[in-house]
Q: 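Structure below; questions to follow.
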Amino acid sequence: MTPEYRTALIELLYQLADDNFILAYRGSEWLGLTPHIEEDVAFSSINQNAMGHAAIYYQMLEDLGEGKSDDLALLRPPAAFRNAVLLELKNGPGNYWDAPDYDWAFAVVRHFFFDVFKSIRLNALKKSSYPPLAAAAGKIVTEQAYHLMHWETWFVQLMMSTDEARRRMEKALSLCWADAGGLLSLGKWGAVMAEHGLTATEAEWRDQWRQAIGQSFARVGYVPIGEPGMAHGDGRNGEHTADLGEALSILSEVYRSDPQATGW
Amino acid sequence: MDDEGLKTRVTEALKKVKDPELPGIDIVALGMLETVSVTSGRARITLLPTFSGCPALDLIKKEVVETVRRVDGVTEVAVVFSFDPPWTTARISPEGREQLKAYGIAPPPAAQRPGDPWEIECPYCGSSVVTVENWFGPTACRSLLYCRSCRNPFEAMKPVAHVADERPRPD
Ligand SMILES: [Zn+2]
């Protein structure tokens with residue numbers, strides 16, 4: 001493994017781990033607040049799965065000598081995170097413990113965008129030149145169909161529902177579209193990743209994502225304005241919002257006070 | 001006892017280990033056991049996780065180590081998890097399918113291929129007049145259903161095949 005290959009691999013693994021980790025956390029903040037009890041069960045299961053996927057990638061980083069996987073998730077500064085900014089943004093006004101006024105339309109669109117992308121990325125990673133990553137992707141992708149189906153069902157139903165639902169969904173769509181480009185970015189090491197066969201190229205999965213999302217948009221008669229943007233910066237290069245720092249300090253509070261307390 | 005004999009005994013012992021999230025079925029019947037090897041009394045067991053993010057893996061590993069350590073002649077136990085090959089529901093043995101049913105969980109179709117519809121029989125009355133109440137159940141591997149014939153709610157193990165190359169439709 002050349003130093004260049006290793007750097008690109010580690011950058012990629014952080015993108016994979018951090019995406020799943022931070023979105024699973026945002027999802028878990030919906031516990032008890034979703035529109036109905038069945039959704040609570042389903043959403044919790046999806047979040048638990050995504051957190052499990054993050055753990056797999058953090059473990060690969062540990063195996064590469066990056067440090068203990070729990071430390072990687074909980075003790076790095078925000079600038080070391082490589083998740084897409086779209087995934088770290090707060091669920092809406094308020095806090096989980098204090099008057100949460102979360103936006104379900106935003107949750108549906110954000111998760112739908114992410115899970116369409118996650119499927120495309122996993123299918124590309126099945127052919128990764130790093131064998132442990134290819135094997136893990138081959139397994140995770142078998143479970144992805146259920147997540148995708150879940151969010152697509154919500155997306156289509158709310159888009160075809162009442163005028164109010166449509167209005168709220170379109171608002172969420174423009175918010176998510178403005179940062180969807182960060183999801184598709186591979187960051188400054190992207191060209192090296194693709195060159196070494198670690199992933200597909202950024203252009204390839206951008207095309208695939210646009211095509212898949214375009215099909216769903218066509219189904220519900222929606223036309224986006226312009227290209228997916230990076231309104232809040234490129235998280236793959238360590239650019240983040242204050243929302244990430246806040247989330248990480250909540251997530252790591254117990255672990256920082258007593259690392260033993262988080263064991264099973 | 002020689003290593004070959006030990007290997008048989010270790011495999012037998014593993015049939016007593018259950019997935020804590022599916023207590024009715026042992027890990028061998030569930031198809032989680034990929035390989036067992038014994039070299040000079042040192043056992044090495046490779047398991048395939050059913051779901052990649054399964055939080056029960058640590059517990060299963062602990063249980064496997066404790067169980068195999070009690071086999072006479074075994075001096076050391078190593079357990080590794082692998083995604084290669086990926087576990088699919090096709091690995092569940094016929095006995096495993098019966099064990100699931102007895103526990104009140106409908107087994108997944110024996111030979112699920114990408115794009116196949118999911119055909120489920122009620123584990124209580126065998127009726128196929130059932131509705132999916134929630135694709136997501138109490139654990140990652142189970143869904144919640146309702147039998148229109150005997151009016152019982154029940155759970156079913158989700159089929160896991162190599163389905164994700166195709167985009168499923170939600171209808
Ligand atoms: Zn029945």
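Because only heavy atoms are used, hydrogens play no part in the values below, and waters and symmetry mates are left out as well, while side chains stay in. This structure is a prediction, so every number in the text was calculated from the model and none was measured. Quick note on labels: first sequence line is chain A, next is B, and so on, each numbered from 1.
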Q: With only heavy atoms counted, which part of Ala136(A) is less than 4.5 Å from chain B, the side chain, the backbone, both or neither?
A: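 When you check distances to chain B, atoms from both the backbone and side chain of Ala136(A) fall under 4.5 Å.
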Q: I want to know whether Phe117(A) and Trp205(A) have ring centres closer than 6.0 Å.
A: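 Close enough - the centres of the two rings lie under 6.0 Å apart.
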Q: Given that the side chain runs from C-beta out, which part of Pro85(B) has a heavy atom under 4.5 Å from chain A: side chain, backbone, both or neither?
A: neither
Q: Taking the six-membered ring where the residue is Trp, are the ring centres of Trp209(A) and Phe114(A) under 6.0 Å apart?
A: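 No: the rings miss the under 6.0 Å criterion.
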Q: Determine, using ring centers only, whether Phe43(A) and Trp151(A) are less than 6.0 Å apart.
A: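 So the answer is yes for these two rings.
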Q: Side chain, backbone, both or neither: which part of Ile140(A) has an atom under 4.5 Å from a heavy atom of chain B?
A: both
Q: Any side-chain donor paired with an acceptor under 3.5 Å for Gln59(A) and Asp63(A)?
A: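 The criterion, which ignores hydrogens and geometry beyond distance, is satisfied for Asp63(A) and Gln59(A).
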Q: If we define contacts as heavy-atom pairs under 4.5 Å, which of Asn134(B), Leu144(B), Leu48(B), Leu57(B) has the most with chain A?
A: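 Max contact count across the listed options: Asn134(B).
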